[in-house]
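All heavy atoms count here, side chains included; hydrogens, waters and symmetry mates do not.
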Amino acid sequence: MRIFPGNALTCSIASFAAVTLLLGSTALPLPANAFSQLNPPAPQAKDAVQSAPKKNEKPIEQALEAPANNALPMPDPLINKQASQSSGDASNTNKSVEFLYDIDKAPEPVKKLRAAIVEAAASGDLERLRPLMNVGGGLKQTQVTADDPGEDPIKTLHDLSGDPDGIEILSILLDIMSTGFAHVGQGTPDEVYVWPYFAEKDIKTLSTPEKVDLMRIVTAGDYADMLEFGGYNFYRVGITPDGRWKFFTSGE
């Protein structure tokens, strides 16, 4: 058979295609997961978080559920801390004055009247002091000024207060009755329990904690004036051993 040049090119192409097809059919196929095995995927972020040690979770829970005994300790009451020192000073300098910081050491009638005064003052109603002051009782009525012992003490306190309802004077009274107190004139006709205890102390010898206690009631300017005056000159309360409210006055 005679082959022309154009037919020879066609036959060569056909032969190459046949060889390629034959080799493709005999080659071994690669597994579908071969690439993934060579290049394994990086672990997901979620898995990394789960596998990480949970070292931060427990301390937070413990902090939120910390036992009470791990809390910061409360400071000791200043006046209780100074009680033994102040009592010692009193016994050395003036045996007729005893400084006390525990109301349970006062006679029962004194304790009851103090509790009634505190309750009345905290109510915000000035009139609730009237039955405690024995208004109309003559010389047994509570003294609030030195001018007229027969005046109405409630009206006087109302006039002395810096507000129209007497709230300021009740606040002062409440602060005074929350301090320590002095037992004055033991065994004499003038025996009385006096609040606050600064009223019977030398104002120039107050300790630092006692100054803090004082400035719960007065300002630093008031304290400076007291130093110049030579003593405590703000409000004070006196209760007799038998439970009579003797005075609620301001001044020396």
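Comment: E210 engages K201 in a salt bridge, judged by a side-chain N to carboxylate O separation of less than 4.0 angstrom.
For T219, the side-chain hydrogen bond (donor to acceptor under 3.5 Å, both in side chains) criterion is met by D222, not counting sequence neighbours.
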Applying side chain to side chain contact (heavy atoms under 4.5 Å, CB included) to W245 and L129, what does each step give before you reach the verdict?
CA-CA 10 Å; W245 191 350; L129 296 180; 4.1 Å; yes

Evaluation steps, side chain to side chain contact (heavy atoms under 4.5 Å, CB included), between E191 and T240
CA-CA 7 Å; E191 183 176 4; T240 62; over 6 Å; no

Show the numbers, then the answer: is there a side chain to side chain contact (heavy atoms under 4.5 Å, CB included) between K111 and E108?
CA-CA 5 Å; K111 290 165 56 177; E108 193 63 28; 3.3 Å; yes

Would L214 and I203 satisfy side chain to side chain contact (heavy atoms under 4.5 Å, CB included), going step by step from the backbone distance to the final call?
CA-CA 10 Å; L214 173 63; I203 201 74; 3.9 Å; yes

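Within the 3.5 Å criterion, the main-chain N or O of T145 finds a donor-acceptor partner in the side chain of Q143. When atom types are taken as modelled, the side chain of W195 and the backbone of Y197 share no donor-acceptor pair closer than 3.5 angstrom.
Checked against the 6.0 Å centroid criterion, the rings of F234 and F198 do not qualify as a close aromatic pair.
At a threshold of 4.5 Å between non-hydrogen side-chain atoms, the residues L206 and M226 do not count as touching.
Using the six-membered ring where Trp is involved, F181 and Y193 have ring planes that are tilted, between 30° and 60° apart.
What you find for P196 and Y235 is that their closest heavy atoms are CD-O, 3.6 Å. Here the closest heavy-atom approach between residue E200 and residue F99 is recorded as O-CZ, 3.5 Å. Nearest heavy-atom pair across P107 and P241 is CB-O, 3.9 Å.
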Using residues 162-177 as the side-chain source, report each donor-acceptor pair under 3.5 Å to any protein atom, sequence neighbours left out, with the distance given to one decimal.
{"residue": "D163", "atom": "OD1", "partner": "S161", "partner atom": "OG", "Å": "2.6"}
{"residue": "D163", "atom": "OD1", "partner": "I167", "partner atom": "N", "Å": "3.0"}
{"residue": "D163", "atom": "OD1", "partner": "E168", "partner atom": "N", "Å": "2.8"}
{"residue": "D163", "atom": "OD2", "partner": "D165", "partner atom": "N", "Å": "3.1"}
{"residue": "D163", "atom": "OD2", "partner": "G166", "partner atom": "N", "Å": "3.1"}
{"residue": "D163", "atom": "OD2", "partner": "I167", "partner atom": "N", "Å": "3.0"}
{"residue": "E168", "atom": "OE1", "partner": "G162", "partner atom": "N", "Å": "2.5"}
{"residue": "S171", "atom": "OG", "partner": "I167", "partner atom": "O", "Å": "3.0"}

Side-chain atoms of residues 117-126: list all donor-acceptor pairs with protein atoms under 3.5 Å, sequence neighbours left out, distances to 0.1 Å.
{"residue": "S123", "atom": "OG", "partner": "A120", "partner atom": "O", "Å": "2.6"}
{"residue": "S123", "atom": "OG", "partner": "D125", "partner atom": "N", "Å": "3.2"}
{"residue": "D125", "atom": "OD1", "partner": "E127", "partner atom": "N", "Å": "3.1"}

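For the residue pair T188 and D190, no side-chain donor N or O sits within less than 3.5 Å of a side-chain acceptor on the partner.
Judged by the 6.0 Å distance and 45° axis criteria, K211 is not positioned over the aromatic ring of Y223.
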